Amino acid sequence: FVLLAKQATGISLGRIIEQVVNSPDVYVFGELWRLPNVQAMKDDPNSVAYFKLLEIFTFGSWSKFKPLASSLPPTTEVGILKLKRLSLVSLCYNKKVLTYSELYQALDIPSLQELEDFIVDCFDLELVWGMLDQEKECLLVENCMGRDANEEIIQEMLGTVKNWRMSIRTTLDAMASSQAQSAVLAQQKEERRRQVSQLCSQVEDFLLKGSRGDSSSSALGGSSEYRSMQYRLEEERLRGKRGRQNDVGRGGGSGKGRF
């Protein structure tokens with residue numbers, strides 16, 4: 001169809017578009033729609049209706065076709081059925097669970113049996129992948145074929161990717177901040193451990209001097225230096241205890257969610 005359309009203009013090109021939209025085997029139209037001579041049809045009053053028809057089949061849906069149907073070239077039952085199938089593909093692209101009530105309204109299919117047969121046909125044609133939940137009356141979507149994307153859809157997709165990138169960046173920043181905080185806490189704990197170790201060594205030296213009868217430590221119990229060491233040891237013990245309590249508080253008491 002594309003090769004034929006490249007050489008055609010006017011009504012001849014319009015007839016090719018009619019054949020394409022009513023063909024039971026063609027579900028992608030973007031290559032045809034982008035041809036320069038097809039794009040020129042939107043500025044030709046005699047051909048613009050064909051261009052609008054092709055544009056609906058390329059990007060649109062049954063709900064967009066209905067109000068314009070009387071002003072468009074005639075579409076066969078095969079073409080209408082195909083447009084409804086493409087409409088289902090678009091719905092599946094946007095939602096992973098579609099209720100029967102939504103599908104009744106979007107596709108103008110009047111009965112339960114017709115709707116389920118219609119969906120099963122789309123499964124068979126590999127337009128949509130999923131399963132029917134007949135108890136809850138909904139379609140559970142796993143995947144669907146890709147459709148052509150116009151500028152509006154491309155901008156929407158770019159917005160989604162941008163939001164996703166911002167979300168990832170926020171998460172990475174939060175992780176980096178948490179890691180930095182953990183590094184600071186670890187450094188503080190190491191410094192306290194070093195200070196306590198140094199103080200313990202000083203106390204050991206002081207006691208050893210006393211056990212050897214050093215006159216400078218003859219009154220251990222009343223020594224101001226010894227009392228100062230006792231005070232510093234007690235202070236470090238209490239500081240370590242408070243630090244452990246704060247760690248437990250940050251972890252919710254169970255250690256879960258901590259780095």
Side-chain angles (χ1 to χ4, degrees), residues 1 17-34 48-168:
F1 287 112
I17 290 174
E18 281 188 357
Q19 293 178 43
V20 170
V21 299
N22 291 306
S23 171
D25 302 319
V26 181
Y27 284 88
V28 179
F29 311 91
E31 188 177 1
L32 176 62
W33 180 84
R34 292 181 178 87
V48 66
Y50 293 103
F51 178 81
K52 289 181 178 179
L53 178 65
L54 178 61
E55 189 167 55
I56 289 173
F57 272 77
T58 305
F59 309 114
S61 62
W62 172 246
S63 62
K64 291 185 177 180
F65 173 85
K66 282 194 303 179
L68 300 174
S70 60
S71 63
L72 297 174
T75 306
T76 65
E77 289 297 320
V78 171
I80 289 173
L81 178 61
K82 181 166 69 173
L83 182 57
K84 288 185 177 183
R85 288 171 176 167
L86 290 170
S87 301
L88 177 61
V89 170
S90 294
L91 291 170
C92 292
Y93 176 79
N94 293 316
K95 295 183 70 175
K96 294 304 180 185
V97 179
L98 293 164
T99 64
Y100 283 7
S101 58
E102 290 178 281
L103 297 176
Y104 288 138
Q105 183 176 358
L107 303 174
D108 279 344
I109 297 177
S111 71
L112 174 64
Q113 186 62 52
E114 287 182 85
L115 178 62
E116 290 186 340
D117 289 345
F118 172 84
I119 295 172
V120 170
D121 286 342
C122 290
F123 289 163
D124 292 340
L125 291 168
E126 297 186 342
L127 303 176
V128 175
W129 291 265
M131 62 180 295
L132 295 174
D133 188 332
Q134 294 176 309
E135 181 179 352
K136 295 182 179 179
E137 295 194 340
C138 63
L139 167 61
L140 305 177
V141 181
E142 294 178 5
N143 204 350
C144 61
M145 66 164 278
R147 292 193 67 184
D148 294 293
N150 57 13
E151 186 63 27
E152 179 182 351
I153 295 172
I154 290 173
Q155 290 302 318
E156 181 181 342
M157 293 168 66
L158 288 174
T160 300
V161 172
K162 184 178 179 180
N163 291 337
W164 176 77
R165 288 182 62 186
M166 290 178 62
S167 176
I168 293 297

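None of the values given here were measured: they were computed from a predicted structure.
- Distance CG/L115 to CD/E137: 9.5 Å, rounded to 0.5 Å.
- Between S61 and L86, the closest side-chain pair of non-hydrogen atoms is not below 4.5 Å.
- The minimum heavy-atom distance linking L98 with C92 is given by the pair CD1-SG, 3.9 Å.
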Using atom types as modelled, flag every donor-acceptor pair under 3.5 Å from a side chain in residues 72-80 to any protein atom, sequence neighbours excluded.
from, atom 1, to, atom 2, distance (Å)
T76, OG1, N22, OD1, 2.9
T76, OG1, V78, N, 3.4
T76, OG1, G79, N, 3.2

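- Here the side chains of F59 and R147 are not in contact, with every heavy-atom distance at 4.5 Å or above.
- For the side chain to side chain contact (heavy atoms under 4.5 Å, CB included) test, residues two or more places apart in sequence or in another chain that qualify with D124 are V120, D121.
- Here K64 pairs with nothing under the salt bridge (Lys or Arg N to Asp or Glu O under 4.0 Å) rule; sequence neighbours left out.
- Here K96 pairs with V141 under the side chain to side chain contact (heavy atoms under 4.5 Å, CB included) rule; sequence neighbours left out.
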Return all side-chain donor-acceptor pairs below 3.5 angstrom for residues 104-113, not counting sequence neighbours, or 'none' if the list is empty.
from, atom 1, to, atom 2, distance (Å)
D108, OD2, W62, NE1, 3.0
D108, OD2, K66, NZ, 2.9
S111, OG, E114, N, 3.2
S111, OG, E114, OE2, 3.0
Q113, NE2, D117, OD1, 3.0
Q113, NE2, D117, OD2, 3.3

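- Contact of the L132 side chain with the E116 side chain is registered, since non-hydrogen atoms from C-beta on lie closer than 4.5 Å.
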Can I get a per-line list of side-chain donor-acceptor pairs under 3.5 Å for residues 26-34, giving both atom names and the distance, sequence neighbours left out?
from, atom 1, to, atom 2, distance (Å)
Y27, OH, R85, NH1, 2.9
R34, NH1, G30, O, 3.1

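- In this structure the side chain of L140 reaches within 4.5 angstrom of the side chain of C138, judged on heavy atoms.
- Residues satisfying the side-chain hydrogen bond (donor to acceptor under 3.5 Å, both in side chains) criterion with E142, sequence neighbours excluded, are absent altogether.
- By the 4.5 Å heavy-atom criterion applied to side chains, L91 and C144 are not counted as neighbours.
- For residues 49-60, the pairs satisfying side chain to side chain donor-acceptor pair (under 3.5 Å) are R15-Y50, with sequence neighbours left out.
- The side-chain hydrogen bond (donor to acceptor under 3.5 Å, both in side chains) search around S101 returns T99, not counting sequence neighbours.
- For the pair L53/V21, a side-chain contact is recorded, criterion being any heavy-atom separation below 4.5 Å from C-beta on.
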